Amino acid sequence: MKNKTVIVTGANSGVGLATTVELARRGATVVMACRSAERGEAALKLARERSGSNQLELVPCDLGSLESIRAFASTVRERHPVVDVLVNNAGVVSLKRETTRDGFESQLGVNHLGHFLLTLLLLEPLKRAPQGRVVTVSSGAHRVGNIHWADPHFTRGYSMWRGYAQSKLANVLFTKGLAYRMRGTPVTANCLHPGAVGTQLGVDRDTGGGKAIMKLLSYVFITPEQGADTSVYLATSDEVSGVSGEYFYRREPAPVSRLAEDREQIERLWFWSEKQVGEQFPFP
Ligand SMILES: NC(=O)c1ccc[n+]([C@@H]2O[C@H](COP(=O)([O-])OP(=O)(O)OC[C@H]3O[C@@H](n4cnc5c(N)ncnc54)[C@H](OP(=O)(O)O)[C@@H]3O)[C@@H](O)[C@H]2O)c1
């Protein structure tokens with residue numbers, strides 16, 4: 001991965017940190033997109049130690065703020081005219097309904113809409129790479145998801161599971177919509193399920209609430225390094241240089257839910273997302 005530039009969102013924790021370390025260890029320049037300066041700085045130090053690389057940079061990015069995403073993308077475009085890989089990894093699970101700065105339900109807002117805007121804003125530098133890649137971390141939870149068209153932001157009847165599953169289904173629909181739009185170019189878009197991984201997902205960052213449940217379940221979880229394996233594979237392997245629009249599990253294409261490959265849902269979500277974030281697909 002020498003002379004390649006990779007962006008990883010949510011790079012300060014769990015699967016994102018492990019992905020960052022492995023890609024840096026393989027020689028890539030890694031831009032760590034993190035929302036908290038404090039957690040980001042600590043992770044940058046750790047990633048440098050673990051990878052033995054100095055080719056890591058921290059750039060603030062809160063995926064729950066369209067303004068922050070635009071600022072991040074403009075910094076990256078200035079510093080890195082060519083981006084080889086974007087790993088859309090960050091994710092949030094919210095027990096109670098929360099909203100982003102722009103009023104989106106936070107799971108849909110961060111997990112899908114934030115990454116949707118970020119990707120659109122980075123398509124130019126991805127197109128300049130010999131073979132640009134967009135790798136999006138979805139989840140097996142997409143299988144139980146629907147897009148709740150009557151009220152996607154759950155202004156009524158919020159449930160963490162329905163919201164999370166909707167956001168992870170959106171990750172798959174987005175991947176398929178992007179792959180379709182980028183056909184005929186070298187840019188590919190794939191998504192994945194990392195497995196059940198022992199991370200900070202669902203742990204409240206302020207109170208530490210949820211840690212006990214994670215600890216209780218820890219014996220069934222794989223490590224963040226194991227969880228990062230398919231992300232790293234999709235970011236680096238020549239085997240997938242011509243593969244696009246697929247959902248992977250353990251380095252293999254895996255079936256998705258019926259809804260996740262429904263062309264009408266793919267296109268409806270795409271156009272709805274463009275309206276939500278105020279940005280359109282930039283190419284004819
Ligand atoms: N763990 C699993 O079993 C599992 C299973 C299936 C899929 N996944 C997916 O794997 C991905 C990584 O999750 P993880 O398990 O590694 O969890 P994690 O340890 O909680 O890491 C999540 C990362 O996302 C970041 N993030 C959250 N909200 C953000 C925002 N508004 N802006 C920017 N970054 C934000 C977090 O930053 P802070 O530290 O600042 O909050 C953190 O760096 C997620 O997409 C998740 O849905 C995980």
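One-based numbering, in listed order, for ligands and for the atoms of each. Since we're looking at a predicted model, the values are computed, not measured. All residue numbers in this chain count up from 1 along the given sequence. Keep in mind that the numbers below use all heavy atoms, side chains included, and drop hydrogens, waters and symmetry copies.
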Supply the atom-to-atom distance F154 CZ to F104 CZ, rounded to the nearest 0.5 angstrom.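 Between F154 CZ and F104 CZ, I get 15.5 Å after rounding to 0.5 Å.
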Using the test side chain to side chain contact (heavy atoms under 4.5 Å, CB included), find all partners of T29 that sit at least two apart in sequence or belong to another chain.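 Per chain and number, T29 pairs via side chain to side chain contact (heavy atoms under 4.5 Å, CB included) with T5, Q55, E57, H80.
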With salt bridge (charged side-chain N to carboxylate O under 4.0 Å, His left out) as the rule and sequence neighbours excluded, what pairs involving residues 121-137 come up?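 Found none.
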Does the separation of the ring centres of Y180 and W270 fall below 6.0 angstrom?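 Y180 vs W270: aromatic centres not under 6.0 Å.
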Aromatic contact, H148 with W272 (centres under 6.0 Å):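 For H148 and W272, the ring centres are not under 6.0 Å apart.
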Mind checking what makes ring-ring contact (aromatic ring centres under 6.0 Å, His included) contact with H142, not counting sequence neighbours?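 Only Y247 meet the ring-ring contact (aromatic ring centres under 6.0 Å, His included) criterion with H142.
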Write down, by chain and number, every protein residue that brings a non-hydrogen atom to less than 4.0 Å from an atom of ligand 1.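 For ligand 1, the contacting residues are G10, N12, S13, G14, V15, R35, R39, C61, D62, L63, G64, N89, A90, G91, V110, V137, S138, S139, Y164, K168, H193, P194, G195, A196, V197, T199, Q200, L201, R205.
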